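Heads up, the thing below is written out as structure tokens.
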Amino acid sequence: MSREFPIGLTPPDWLVRNLRPQQAAPLNWAALARAALGMALPLAVGLAVGQPAYGALASMGALSGVIGDTADAYRMRILNIAVPQLFGAVGVTLGSLVYGQGWLTVAVVTVIALLSGMISTIGAVSSVSGLLLLLNSVIGAGLPLPGAWWLTPVLMTGGGLLVLLLALLAWPLRSGVPERSAVAAAYRTVADLLTVSDTGDGEAYDRARHTVTQSLNQSYDLILARRARYRGRNRELTRMLAQLNAITPVVEAAPAVRLAARPLPPEVPTAVRHLADAIETGYTGPIGLHLPEPVNETGRAVDHALRHVAEVATTPDVDPRGIDDRLGRPAALGIRTARAARNVVLSANSWRYGIRLALCIGIAQALVSLVPVPRSYWVALTITFVLKPDFGSVFSRALLRALGTVAGLVVAATVLTLVPRGWWDVPVMMVLAPLIPALTPRGYGFQTAAITPVILLLSDVLNHQGTALLLPRLLDSLMGCAIALVAGYLLWPESWHTRVGDRLADAVADTAAYVELAFKGSTDGADAADRARMRRRLYRDLSTIRTEFQRALTEPPPTGRRAAAWWPLVVAVERIVDATTAARVRVRHGAPPPSRAEVDQVALQLRELATGVRQSETLISVRTDLTGPPDSVLEPLRQEVAAARAIASPH
């Protein structure tokens with residue numbers, strides 16, 4: 001007979017959220033195969049030529065390539081793997097040059113930590129590049145490396161480039177396939193959104209809308225990144241961008257369908273899925289949609305949008321001069337590089353994170369210089385992994401790092417005890433390496449558990465200490481987590497006493513501007529493009545805010561509790577944007593437009609809400625006075641704004 005936990009023994013919500021595995025996509029078997037071959041082959045070659053230590057160094061480089069092997073598009077794989085490898089080579093070279101130099105080593109690694117932290121704030125590729133710069137410099141400064149000074153960077157870079165080579169093998173045969181698959185996946189998420197738009201299930205609709213936003217963001221980023229290189233000359237990319245733009249009116253119609261509370265015919269989402277299949281296969285023939293006759297303005301909006309999508313999706317040639325990039329085509333590489341460098345130097349956020357990371361690394365390096373700590377470089381490595389703001393909550397990562405290390409040490413103990421050193425390391429690596437890409441999507445704790453036995457196996461190849469590595473690894477990881485929590489978290493009030501409404505207030509103010517633009521411009525031309533671009537940017541910002549709030553929920557009190565209190569307002573703002581889009585769709589398809597006074601009133605209420613959110617530490621109830629014609633298209637929007645302003649603090 002099962003028994004429930006007493007109330008006092010029930011784990012807190014923030015701990016449950018941290019330990020719950022994340023939902024992951026189906027296994028990427030190709031990535032698993034690349035991890036197995038990319039990390040085992042260097043070991044085999046090293047053993048074959050009688051230099052197992054060289055093979056282990058190359059496998060360490062391959063490990064960073066496996067961690068960065070996350071992109072579907074082949075050109076993005078080059079950026080995600082090759083660029084960080086170059087930074088890693090510089091890092092291990094600088095670190096090895098100051099190995100054993102006492103306080104000079106501490107100073108150099110601390111300066112590298114500052115630069116690494118500042119670089120990491122630029123973007124995803126630069127974040128991984130900064131991470132490898134610091135990681136490899138710590139390895140070079142803390143581990144006696146075999147051979148000449150140039151040999152280790154060459155071996156480690158070669159291991160990473162081997163993974164990249166394996167990742168690019170199918171490029172000639174599958175060029176463009178990942179991009180088409182991303183566009184088709186975006187279409188399928190739109191079909192799912194239409195399916196739940198008329199069910200009355202608000203939570204399911206919110207989840208589906210968030211999924212659509214993420215999928216469109218990923219697809220636009222993928223296509224625009226390549227389009228910046230080709231400057232619109234590539235016919236296939238131009239066609240895929242046109243397909244993404246074409247689905248936008250369907251996405252805009254979904255809020256109108258939800259507010260109309262009239263079910264869509266099942267043929268509508270089926271048609272969207274049919275179009276997704278055509279896009280994924282590259283089909284350009286005629287498509288029969290077999291859509292029923294629409295009966296209201298919302299139905300006409302969906303019908304008109306779908307017929308336009310069908311026309312664009314199957315058109316083999318698209319004039320690039322007529323394609324609007326919606327989010328804006330990226331600038332040339334030189335311009336983006338100069339802009340990023342300027343932002344890094346002038347950004348307070350960049351300096352703040354760089355100083356936090358440098359402080360923690362400096363404390364760690366000074367500590368291990370004063371106190372004998374075996375395998376001391378693991379302390380700084382732990383801090384580097386834990387103190388990554390773009391990777392999630394520092395507190396959560398420290399907790400998961402400790403738990404993942406313990407789990408990984410159990411596996412490592414089994415391997416180091418039972419597996420004889422030598423050629424047996426190769427098949428063992430072929431079993432352990434694929435666990436990294438398999439478990440990484442489940443969460444940071446799972447990734448740590450997968451990486452730990454791999455690192456210890458390679459360390460054993462380098463220094464032949466066997467199970468004597470286990471206890472130092474545990475102690476160093478715990479020391480690193482403790483330093484990161486104290487010097488990188490608790491000593492910075494912004495970490496645990498942040499006003500969580502700042503970015504949300506910006507989104508509310510942007511929503512007010514969107515309301516004005518939606519009903520004060522013309523129905524086509526530049527105004528239509530501006531509306532589409534602003535709506536996409538708003539949904540992208542709200543998606544980022546939602547992700548940040550969900551991360552904040554994993555923090556212990558008071559941060560997690562405060563984030564939970566603000567969460568209903570996040571959802572309310574998303575619904576305000578939805579209601580605005582729905583009203584615009586209805587006007588475009590026959591409903592009477594609202595008066596200027598109505599629009600001004602809603603925009604004023606939103607700006608007042610933004611001001612209140614920005615000035616508040618906690619939510620307070622705000623009186624609202626929104627009146628207007630009950631049959632106006634803005635009536636649902638007024639209700640959503642009133643609901644947002646009436647959200648009260650739980651205190």
Side-chain angles (χ1 to χ4, degrees), residues 53-54 56-57 60-61 63-64 84-120 128-157 351 353-388 401 455-456 458-459 462-463 465 468-469 472-488 491:
Y54 292 171
L57 289 173
M60 283 186 177
L63 173 60
S64 62
Q85 291 299 320
L86 298 179
F87 278 83
V90 172
V92 74
T93 302
L94 293 176
S96 61
L97 292 178
V98 295
Y99 169 74
Q101 299 296 316
W103 289 106
L104 176 62
T105 304
V106 175
V108 169
V109 174
T110 301
V111 171
I112 293 175
L114 175 64
L115 295 176
S116 169
M118 297 179 70
I119 292 172
S120 296
V128 179
S129 300
L131 177 70
L132 272 191
L133 172 67
L134 181 55
L135 285 177
N136 286 6
S137 67
V138 170
I139 291 174
L143 188 66
L145 300 174
W149 67 268
W150 53 266
L151 183 59
T152 294
V154 168
L155 290 172
M156 296 184 73
T157 304
W351 281 98
Y353 173 59
I355 292 173
R356 284 173 64 183
L357 183 58
L359 174 64
C360 293
I361 293 295
I363 291 174
Q365 292 294 105
L367 178 64
V368 299
S369 297
L370 297 173
V371 180
V373 178
R375 320 298 297 174
S376 59
Y377 64 93
W378 277 338
V379 179
L381 291 181
T382 297
I383 293 172
T384 304
F385 274 112
V386 168
L387 205 65
K388 291 289 290 180
R401 175 81 180 188
I455 288 291
L456 288 176
L458 295 176
S459 298
L462 287 171
N463 51 52
Q465 289 188 335
L469 293 168
R473 172 69 174 189
L474 177 60
L475 294 177
D476 291 348
S477 293
L478 294 179
M479 288 174 60
C481 289
I483 293 173
L485 281 176
V486 175
L491 295 183

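Everything quoted here is computed from the prediction, not taken from an experiment.
Tyr99 is not listed as a side-chain neighbour of Leu145, based on a closest heavy-atom distance of 4.5 Å or more. When side chains are defined from C-beta on, Trp378 counts as touching Leu469, because their heavy atoms get closer than 4.5 Å. Considering only heavy atoms from C-beta on, Ile361 comes within 4.5 Å of Val109 through its side chain. Looking at Thr382 and Leu478, their side chains never come closer than 4.5 Å, going by heavy atoms from C-beta outward. Contact of the Val108 side chain with the Leu97 side chain is not registered, since no non-hydrogen atoms from C-beta on lie closer than 4.5 Å. In this structure, the side chains of Ile455 and Arg473 come closer than 4.5 Å at one or more pairs of heavy atoms. Two residues are said to be in side-chain contact when any heavy atoms from C-beta on lie closer than 4.5 Å; Leu114 and Leu357 fail this criterion. A heavy-atom distance below 4.5 Å is not found between the side chains of Val379 and Leu367.
Here CG of Leu94 is found 10.0 Å from CH2 of Trp149. Values are rounded to the nearest 0.5 Å. Atom CG of Asn136 is separated from atom CZ of Phe87 by 12.5 Å, given to the nearest 0.5 angstrom. Here Gln465 contributes atom CD and Ser459 contributes atom OG; the two are 9.0 Å apart, rounded to the nearest 0.5 Å. Atom CG of Leu491 sits about 10.0 Å away from atom CZ of Arg356, to the nearest 0.5 Å. Atom CD1 in Ile355 sits 12.5 Å away from atom OG1 in Thr110 (nearest 0.5 Å). Of the inter-residue distances, the one linking Leu485 atom CG with Arg401 atom CZ reads 13.0 Å to the nearest 0.5 angstrom.
Looking at Thr157, its side chain does come within 3.5 Å of a backbone N or O of Pro153 through a donor-acceptor pair. Looking at Tyr353, its side chain does come within 3.5 Å of a backbone N or O of Leu387 through a donor-acceptor pair. Side chain of Ser369 to backbone of Gly102: no donor-acceptor contact under 3.5 angstrom is found. Here the side chain of Ser477 pairs no donor or acceptor atom with the backbone of Leu474 at under 3.5 angstrom.
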Would you check, one step at a time, whether the test side chain to side chain contact (heavy atoms under 4.5 Å, CB included) holds for Phe385 with Leu135?
-> CA-CA 9 Å; Phe385 274 112; Leu135 285 177; 3.5 Å; yes
Run the numbers on Leu143 and Leu462 for side chain to side chain contact (heavy atoms under 4.5 Å, CB included), then give the verdict.
-> CA-CA 10 Å; Leu143 188 66; Leu462 287 171; 4.1 Å; yes
Output, in order, the C-alpha distance, side-chain angles, deciding distance and verdict of side chain to side chain contact (heavy atoms under 4.5 Å, CB included) for Ser120 and Leu131.
-> CA-CA 7 Å; Ser120 296; Leu131 177 70; 5.6 Å; no
Apply side chain to side chain contact (heavy atoms under 4.5 Å, CB included) to the pair Leu134 and Ser137, showing each step before the final yes or no.
-> CA-CA 5 Å; Leu134 181 55; Ser137 67; 3.8 Å; yes
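A pairwise comparison of heavy atoms in Leu132 and Pro84 identifies CD1-O, 3.4 Å as the closest pair. Shown here for Gln85 and Ser64, the closest heavy-atom pair between the two residues is NE2-OG, 2.7 Å. Between Val386 and Cys481, the closest heavy-atom pair is CG2-SG, 4.4 Å. Smallest separation of non-hydrogen atoms from Ala141 and Val98: CB-CG2, 4.4 Å. Of all the heavy atoms in Ala366 and Trp103, the pair that sits closest is CB-CZ3, 3.8 Å. Between Cys360 and Ala484, the shortest heavy-atom contact is SG-CA, 4.3 Å.
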